[in-house]
Trainee: 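Please read through the structure below; I'll follow up with questions.
Throughout, numbering of the chain's residues begins at 1 and tracks the sequence. Quantities reported herein were computed from a predicted structural model and do not represent experimental measurements.
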Amino acid sequence: MLTLGEYALRIRAFRLQQVDKEYKMYKQAWINHQVTLTKEQGKKQVPIYKRFKDFFDYEKHLKEVTKPKRVSDKMKRLATIAKQVNMEKEVPYGGRIE
């Protein structure tokens, strides 16, 4: 049985998922439009993108996602503070920190 708060949270999550789906649909429509763009070369129209890689460089995007992230000094300090705070809390019976 869900509490009212849990139900409201699930409804919100569902609505956010719907917004994400709609965003993806609109993005796909935009991409479809971009791919069909042409430019005038002389008297004829030629596609702007000759190869798919010109439109989307998969390897470049993979590198951006997989490259190591530099952790700032501020984030290191915040992580240290959070660790100290978590270590100070007592764990009640049941193992949950509240």
Side-chain angles (χ1 to χ4, degrees):
M1 183 64 99
L2 293 176
T3 66
L4 191 55
E6 291 171 333
Y7 176 75
L9 188 61
R10 286 188 180 212
I11 292 297
R12 184 174 182 193
F14 174 76
R15 288 181 176 161
L16 289 172
Q17 286 175 344
Q18 294 302 108
V19 170
D20 285 345
K21 286 179 183 179
E22 190 173 357
Y23 169 78
K24 288 177 184 178
M25 288 183 341
Y26 278 89
K27 188 174 182 180
Q28 183 63 48
W30 177 257
I31 289 170
N32 290 343
H33 172 72
Q34 291 296 100
V35 168
T36 61
L37 291 178
T38 59
K39 62 182 176 182
E40 194 168 320
Q41 195 172 46
K43 290 188 175 184
K44 62 181 179 177
Q45 297 286 324
V46 295
I48 291 178
Y49 304 108
K50 301 234 183 259
R51 298 173 298 156
F52 181 74
K53 190 172 184 175
D54 297 336
F55 182 70
F56 183 80
D57 190 346
Y58 183 73
E59 289 78 21
K60 177 183 167 188
H61 283 79
L62 279 179
K63 285 179 184 175
E64 288 177 10
V65 171
T66 58
K67 72 180 175 186
K69 305 272 189 271
R70 183 181 171 278
V71 179
S72 69
D73 293 335
K74 183 178 180 180
M75 288 304 293
K76 288 178 185 177
R77 284 194 310 271
L78 290 173
T80 303
I81 292 169
K83 182 179 177 182
Q84 290 171 349
V85 169
N86 285 334
M87 291 175 68
E88 291 174 4
K89 290 185 177 183
E90 285 187 34
V91 179
Y93 184 77
R96 291 187 194 163
I97 297 176
E98 298 178 17

Trainee: Identify the heavy atoms of I48 and T38 that sit nearest to each other, and give their distance.
Mentor: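 For I48 versus T38, the nearest heavy atoms are CG1-C, 3.9 Å.
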Trainee: Might you confirm whether atom CG of L4 has over 12 heavy atoms from other residues, nucleotides or ligands at distances under 6.0 Å?
Mentor: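 Not more than 12 within 6.0 Å, no.
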Trainee: Roughly how far, to the nearest 0.5 Å, is the CD atom of E64 from the CG atom of D57?
Mentor: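 The distance works out to 9.0 Å.
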Trainee: Quick one, I31 with V35, criterion side-chain contact (heavy atoms from CB on, under 4.5 Å). Give me CA distance, side-chain angles, the key distance, then yes/no.
Mentor: CA-CA 6 Å; I31 289 170; V35 168; 4.2 Å; yes
Trainee: Is the number of heavy atoms from other residues, nucleotides or ligands under 6.0 Å of K50 NZ greater than 12?
Mentor: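 Yes, the 6.0 Å shell around NZ holds more than 12 heavy atoms from other groups.
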Trainee: Is the backbone N or O of I81 less than 3.5 Å from a side-chain atom of Q84, with the two atoms forming a donor-acceptor pair by type?
Mentor: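 Judged by distance alone, no pair lies under 3.5 Å.
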Trainee: Measuring only between side-chain heavy atoms, which start at C-beta, is D20 closer than 4.5 Å to Q17?
Mentor: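 No - every pair of side-chain heavy atoms lies 4.5 Å or more apart.
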Trainee: Among residues at least two apart in sequence or on other chains, which ones pass side chain to side chain contact (heavy atoms under 4.5 Å, CB included) with Q34?
Mentor: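 Listed in chain order: W30, L37, Y49, F55.
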Trainee: One pair to check against side-chain contact (heavy atoms from CB on, under 4.5 Å): V65 and H61. What are the steps and the verdict?
Mentor: CA-CA 6 Å; V65 171; H61 283 79; 5.6 Å; no
Trainee: Decide whether F14 and L16 are clustered together by the hydrophobic rule: side chain heavy atoms of Ile, Leu, Val, Met, Phe, Trp, Tyr closer than 4.5 Å, transitively.
Mentor: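 In one cluster: no.
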Trainee: Do other residues, nucleotides or ligands put more than 12 heavy atoms under 6.0 Å from F56 CZ?
Mentor: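 Enclosed.
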Trainee: Please step through side-chain contact (heavy atoms from CB on, under 4.5 Å) for the pair K27 and K24, ending with a clear verdict.
Mentor: CA-CA 5 Å; K27 188 174 182 180; K24 288 177 184 178; 5.5 Å; no
Trainee: Using side-chain heavy atoms (C-beta onward) and a distance below 4.5 Å, is R12 in contact with R15?
Mentor: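 R12 does not reach R15 side chain to side chain.
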